[in-house]
Amino acid sequence: NSHDHHDMAWVNSYRQGFNFQCPHGEVLVAIRSYFSEQDGSDRLWTFECQPTPEGLGEPTDCWWDDINRAGLEWTSTCTRNGLVAGVQSKYFESVLDREWQFYCCYYKRRCPYSCMKTTDIPEYYREEGELVVPSYGYFIRGAQTTFSGVLRDRQWKYILCRMTDFDCEFENL
């Protein structure tokens, strides 16, 4: 185990809801989680933020995007070309899973391009999960998740994009 999970700055306790928002002008750049079967097959979560490059300017608007229901597979990408700048989540004992909502921020008229999906995080259900955005200039736009009804855990493929450094005409690419 690369680091002792007790030392991490978790935003939640097991089975607890949480609401995490990056400071204004920052977006999520790292997401880590730790699974416990004994504690409701739930995960502890921690997030890191970083200011966006100056060329992107200030976010003109931020909002909570759609709620993704517990116990279901889902794909969620920030609407209006938004970038992920926070997460809110509630635990449901009945399905031993969480609903999930992204906090998204819109940067003027910049558009995503060169998008890609990460491999499954974690690689196997019930393992520690870690996403660190691979290089400066990539941003998290959302995620696609699978849910194991047997193991009561999720795997995540995060959707990462670059953003144009010019204004573009389109609402969504």
Side-chain angles (χ1 to χ4, degrees), residues 1-24 26-50 59 61-106 115-134 138-161:
N1 202 347
S2 54
H3 47 253
D4 182 1
H5 73 275
H6 295 292
D7 295 342
M8 303 287 285
W10 305 113
V11 298
N12 64 307
S13 312
Y14 291 114
R15 298 188 177 93
Q16 272 198 343
F18 66 84
N19 173 322
F20 177 87
Q21 279 169 261
C22 292
H24 180 80
E26 300 193 10
V27 291
L28 279 193
V29 293
I31 301 175
R32 294 181 182 87
S33 65
Y34 186 89
F35 181 85
S36 169
E37 187 181 2
Q38 294 73 48
D39 298 288
S41 290
D42 195 20
R43 283 180 176 272
L44 300 175
W45 291 88
T46 184
F47 305 97
E48 277 173 47
C49 306
Q50 199 172 295
D61 191 18
C62 296
W63 64 93
W64 288 102
D65 224 32
D66 302 332
I67 290 182
N68 300 286
R69 299 283 168 213
L72 303 174
E73 307 204 337
W74 51 262
T75 300
S76 179
T77 309
C78 283
T79 51
R80 294 173 49 212
N81 293 332
L83 302 177
V84 174
V87 172
Q88 142 172 305
S89 177
K90 211 159 76 184
Y91 178 80
F92 290 88
E93 195 75 52
S94 55
V95 279
L96 303 180
D97 189 34
R98 296 179 161 273
E99 69 175 27
W100 200 263
Q101 202 174 8
F102 286 124
Y103 184 66
C104 301
C105 290
Y106 174 69
C115 296
M116 61 184 200
K117 265 183 220 149
T118 65
T119 53
D120 277 320
I121 299 173
E123 191 181 354
Y124 302 102
Y125 286 113
R126 297 185 163 188
E127 285 185 345
E128 275 181 68
E130 178 172 73
L131 166 77
V132 177
V133 173
Y138 270 95
F139 304 97
I140 302 171
R141 292 254 304 122
Q144 175 187 334
T145 72
T146 53
F147 180 66
S148 165
V150 176
L151 300 176
R152 294 287 144 183
D153 191 25
R154 268 179 201 283
Q155 284 177 312
W156 302 71
K157 284 184 168 82
Y158 294 95
I159 299 158
L160 308 178
C161 299

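From a predicted model like this one, the values you see are computed outputs, not experimental measurements.
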Counting distance only, does the side-chain N/O of Thr46 pair as donor-acceptor with the main-chain N or O of Ala9 below 3.5 Å? yes

Does any non-hydrogen side-chain atom of Phe18 lie less than 4.5 Å from one of Ser89? yes

Side-chain touch Asn68/Thr145, heavy atoms, less than 4.5 angstrom: no

Heavy-atom donor-acceptor pair, Arg32 side chain to Leu131 backbone, under 3.5 Å: no

Drop me the distance from Ile140's CD1 to Leu28's CG, to the nearest 0.5 angstrom. 5.0 Å

Give the ring-plane orientation class for Trp10 versus Tyr34, where under 30° counts as parallel, over 60° as perpendicular and anything between as tilted. tilted

Is a donor on one side and an acceptor on the other found under 3.5 Å between the side chain of Gln101 and the backbone of Asp66? no

Checking salt bridge (Lys or Arg N to Asp or Glu O under 4.0 Å) between Asp97 and each of Arg154, Arg152, Arg43, which is the one that passes? Arg154

Within the side chain of Gln155, is there an N or O that forms a donor-acceptor pair under 3.5 Å with the backbone of Glu123? yes

Return yes if some donor-acceptor pair links the side-chain N/O of Ser36 with the main-chain N/O of Asp39 below 3.5 Å, else return no. yes

Side chains of Gln50 and Val133: does their closest heavy-atom pair fall under 4.5 Å? no

Rounded to the nearest 0.5 angstrom, the OG1-CD distance for Thr146 and Glu73 is 5.5 Å

If every non-hydrogen atom of Thr75 is compared with every non-hydrogen atom of Gln144, which pair is closest and at what distance? OG1-CG, 3.3 Å

Can you tell me how the ring of Trp45 sits relative to the ring of Trp156, calling it parallel under 30°, perpendicular over 60° and tilted otherwise? perpendicular

Donor-acceptor contact below 3.5 Å, side chain Asp65 vs main chain Thr79: yes

Carefully, step by step, assess Cys78 and Val84 under the rule side-chain contact (heavy atoms from CB on, under 4.5 Å). CA-CA 7 Å; Cys78 283; Val84 174; 3.7 Å; yes

Working for side-chain contact (heavy atoms from CB on, under 4.5 Å), residues Asn19 and Trp64: CA-CA 11 Å; Asn19 173 322; Trp64 288 102; 3.7 Å; yes

Salt bridge between Arg15 and Glu93, side-chain N to carboxylate O under 4.0 Å? yes

Hey, are the side chains of Arg98 and Val87 touching, using non-hydrogen atoms and a 4.5 Å cut-off? no

Tightest non-hydrogen contact, residues Gly82 and Arg141, listed as O-NH1, 2.6 Å

Considering non-hydrogen atoms only, spot the tightest contact between Pro134 and Leu160 and give its length. CD-CD1, 3.5 Å

Would you say the side chain of Lys157 lies within less than 4.5 Å of the side chain of Asp120, judging by non-hydrogen atoms? yes

With side chains defined as the heavy atoms from C-beta onward, is the minimum distance between Leu72 and Phe147 less than 4.5 Å? no

Taking all heavy atoms of Val27 and all of Phe139, pick out the closest pair and write down the distance. CG2-CD2, 3.9 Å

Could you tell me if the side chain of Trp63 sits less than 4.5 Å from the side chain of Tyr106, heavy atoms only? yes

With a 4.5 Å limit on heavy-atom distance, are the side chains of Ser41 and Asp153 in contact? no

How long is the straight-line distance from CZ of Phe102 back to CD of Gln88, given to the nearest 0.5 Å? 12.0 Å

Straight-line distance of Arg80 CZ to Cys104 SG, nearest 0.5 Å: 9.5 Å

Taking the side chain from Tyr91 and the backbone from Gly40, do they hold a donor-acceptor pair closer than 3.5 Å? yes

Can Glu130 and Ile31 be said to form a side-chain contact (heavy atoms from CB on, under 4.5 Å), step by step? CA-CA 6 Å; Glu130 178 172 73; Ile31 301 175; over 6 Å; no

Begin with the C-alpha distance, continue with both residues' side-chain angles, and end with the deciding distance and a verdict on disulfide (SG to SG under 2.5 Å) for Cys105 and Cys62. CA-CA 4 Å; Cys105 290; Cys62 296; 2.1 Å; yes

Heavy-atom closest pair, residues Ala70 and Phe92: CB-CD1, 3.8 Å

